[in-house]
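For reference, the structure is listed below as structure tokens.
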Amino acid sequence: MELPRELPHTLSDIEYNYVEPDISVICDKSKLTDKGCNGAPDWVIEVVSKSTQNRDYGIKLFKYCNSGVREYWVVNPVTNIVNVFDFEHNQENKQYSFDEEIPVCIYEDFSIQISDLLK
């Protein structure tokens, strides 16, 4: 899936782009404030629920893609599937099962197996 790209926007602009990820990894300490992350995290993970599904696969995907997030995972505990979006390398969406080793695109030689985390 190729997503349309626009000029980067900040995710901390409350009126237009504010989002609150389930899990975020911020590599640049200067982005951290007492209110959270000022700008785009490097890696965002959203855990889908029935009530957040449309937002996680739609609005948040678009906002993360266009605001400088380097990698975005959507973890679906109902289907046991993880969708990985590698925005940094402009790669297409990849899907992994919870039992597969999922390579973290922004960190070389690092992978996660979701089923190991759930033991």
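Hydrogens, waters and symmetry mates play no part in the numbers below; they use all other heavy atoms, side chains included.
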When you measure from the side chain of [X] to the backbone of [Y], do you find a donor-acceptor pair of N or O atoms at a distance under 3.5 Å?
X	Y	value
Gln91	Asp86	no
Thr33	Gly36	yes
Lys94	Phe85	no
Ser67	Lys63	yes

Measure the spacing between [atom1] of [X] and [atom2] of [Y] and express it to the nearest 0.5 Å.
X	Y	atom1	atom2	result
Gln95	Asn83	CD	CG	4.5 Å
Glu46	Lys60	CD	NZ	3.5 Å
Ile45	Ile112	CD1	CD1	5.5 Å
His89	Cys105	NE2	SG	7.5 Å
Leu32	Asn38	CG	CG	9.5 Å
Ser97	Asn80	OG	CG	8.0 Å

Side-chain heavy atoms of [X] within contact of [Y], under 4.5 Å:
X	Y	result
Glu71	Val104	yes
Tyr72	Pro21	no
Ile114	Asp116	no
Asn76	Tyr57	yes
Leu61	Phe87	yes
Asp42	Val69	no
Pro41	Val25	no
Val74	Val48	yes

Tell me whether Ile23 is reachable from Tyr96 by hopping between hydrophobic residues (I, L, V, M, F, W, Y) whose side-chain heavy atoms are closer than 4.5 Å.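 Per the 4.5 Å side-chain linkage, Tyr96 and Ile23 are co-clustered.
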
Hey, any chance Val78 and Leu117 share a hydrophobic cluster, counting ILVMFWY side chains that come within less than 4.5 Å of each other, even indirectly? no

If you look at every heavy atom in Pro77 and Phe98, which pair is closest and at what distance?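 Of all heavy-atom pairs spanning Pro77 and Phe98, the closest is CA-CZ, 3.9 Å.
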
Note: Asp28 and Ser30 closest approach over all heavy atoms is OD1-OG, 2.6 Å

Heavy-atom neighbours of Glu101 CD exceed 12 at 6.0 Å: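 For Glu101, atom CD is crowded (more than 12 foreign heavy atoms under 6.0 Å).
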
Parallel, tilted or perpendicular for Trp73 and Trp43, by the 30°/60° rule?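 Aromatic pair Trp73/Trp43 classed perpendicular.
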
Verdict with supporting geometry, Ile102 and Ser111, side chain to side chain contact (heavy atoms under 4.5 Å, CB included): CA-CA 5 Å; Ile102 305 170; Ser111 62; 5.7 Å; no

Residue pair Asp99 / Ser115, side-chain donor-acceptor N/O under 3.5 Å: yes

